[in-house]
Amino acid sequence: MTNVAANSNETARKPDFPIPAGVHAETVVSVKHYTDRLFSFRITRPQSFRFRSGEFVMIGLPNAEKPVFRAYSIASPAWDEELEFYSIKVPNGPLTSELQKIVPGDTVLLRQKSTGTLVNDALSPAKRLYMIATGTGIAPFASLIRDPDTYEKFDEIVLTNTCRDVAELAYGDELIAALRADPLIGELVAGRVRYYPTTTREDGERTGRITTLIESGKLFSDLGVAPFDPASDRVMICGSLDMIRDVKALVEKSGLVEGSNAAPADFVVERAFVG
């Protein structure tokens, strides 16, 4: 795991091409590489940029006349003065092949509008909120779990984080560890956040696909709670398309109804990208 701080010896690069009209040009503040597949980074936040915790935005690099933009969940909460992102490294990806090379001082392009379905407004209040994540699908939950509004709407938060290897759980581990020391929400999270990490290839604290753990009932027995119940539970799902499809089927089988901003209900999924 390596940090690239703002005082890094790495040399920031000037944009290769003019900044497109109607796009924010923001500065990389810090970069952290967790594994050879995963990294996070923080950039400056435009003063005019507003978003709801859990939303995503289109980002790109000024390395072409027509830059490639991709949807990225904002991992920082709506109150944060910077914008945080958590990304996979795709060797031949049109954006991530270059994005993984950024260092503090570099420029990242940010479109002006955020959107997304993984927002508190799309769910009705309940006792417990499950955040079901695989891979970089944890990013929107990193935003929501640090937002005071989440704790006004739900009594308990269960964050599941499923990755291939133990090292890939590090981002989620750090997130949870930092919650209690957070000056804004530290008091709110005490006794109300439960973290359930699992691995699928390397043996860890828990092993297994989250779909299997839900279907077998092991998730609920481990937590000491009853299975999904529309009277008490709400669910947010973000990650691989296969996982989204399978978990969606499982929660619907339990009687939960998909919600939206226009009609808040029991569960929501993010289909904009694959984590």
Side-chain angles (χ1 to χ4, degrees), residues 50-57 71-75 77-79 113-162 185 188-189 192-196 209-220 222-275:
R50 298 288 180 267
F51 71 98
R52 292 179 297 177
S53 295
E55 289 188 323
F56 67 85
V57 69
Y72 270 77
S73 285
I74 303 169
W79 54 262
K113 184 174 173 55
S114 62
T115 188
T117 55
L118 297 180
V119 292
N120 285 323
D121 291 343
L123 296 176
S124 55
K127 177 181 179 180
R128 185 179 298 110
L129 172 62
Y130 288 89
M131 299 174 172
I132 310 293
T134 56
T136 54
I138 196 176
F141 303 141
S143 175
L144 286 157
I145 209 166
R146 290 182 279 185
D147 192 318
D149 289 347
T150 303
Y151 299 90
E152 290 185 11
K153 203 161 190 175
F154 307 100
D155 296 331
E156 183 180 50
I157 313 298
V158 177
L159 173 64
T160 80
N161 182 26
T162 301
I185 63 164
L188 291 176
V189 306
R192 298 174 66 185
V193 174
R194 306 185 72 179
Y195 181 48
Y196 194 86
R209 298 185 181 280
I210 192 63
T211 46
T212 304
L213 296 166
I214 292 172
E215 197 164 18
S216 68
K218 182 169 172 53
L219 167 67
F220 308 108
D222 285 349
L223 294 172
V225 300
F228 293 137
D229 182 344
S232 58
D233 299 322
R234 300 293 178 263
V235 181
M236 291 180 164
I237 312 165
C238 189
S240 70
L241 287 177
D242 286 345
M243 185 277 285
I244 289 174
R245 180 195 64 229
D246 293 344
V247 174
K248 181 176 184 289
L250 289 170
V251 298
E252 288 179 330
K253 185 177 179 181
S254 299
L256 277 68
V257 175
E258 187 166 4
S260 67
N261 288 314
D266 307 328
F267 79 92
V268 284
V269 304
E270 186 57 82
R271 299 185 178 89
F273 47 84
V274 180

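Predicted, not measured: the structure shown is a model, and the values here were computed from it. Reckoned from all heavy atoms, side chains included, excluding hydrogens, waters and symmetry mates.
Residues Leu118 and Phe141 have side chains in contact (heavy-atom distance under 4.5 Å, counting atoms from C-beta outward). Residues Val251 and Asp266 have side chains not in contact (no heavy-atom distance under 4.5 Å, counting atoms from C-beta outward). Side-chain contact between Asp246 and Glu215 is absent, with no heavy atoms from C-beta onward closer than 4.5 Å. No side-chain heavy atom of Met243 sits under 4.5 Å from any side-chain heavy atom of Arg209. Arg245 places none of its side-chain heavy atoms less than 4.5 Å from the side chain of Ile237.
Counting only distance, with no hydrogens or angles, the side chain of Thr211 and the backbone of Val247 share no donor-acceptor pair below 3.5 Å.
Here CD1 of Ile74 is found 10.0 Å from CZ of Phe56. Values are rounded to the nearest 0.5 Å. For the atom pair Arg234 CZ and Leu129 CG, the distance stands at 9.5 Å (nearest 0.5 Å). Distance check, rounded to the nearest 0.5 Å: CG of Leu223 to OH of Tyr196 gives 6.5 Å. To the nearest 0.5 Å, the span separating CZ on Arg52 from CG on Asp147 amounts to 11.5 Å. How far CD1 of Ile138 is from OG1 of Thr162: 9.5 Å, rounded to the nearest 0.5 Å.
Glu156 CD: more than 12 foreign heavy atoms inside a 6.0 Å radius. Around the CZ atom of Arg194, the shell of radius 6.0 Å holds more than 12 heavy atoms that belong to other residues, nucleotides or ligands.
Counting all heavy atoms, side chain and backbone alike, Phe154 lies closest to Ser124 at CE2-O, 3.8 Å.
For an aromatic pair to be called close, the ring centres must be under 6.0 Å apart, and Tyr130 with Phe228 satisfies this.
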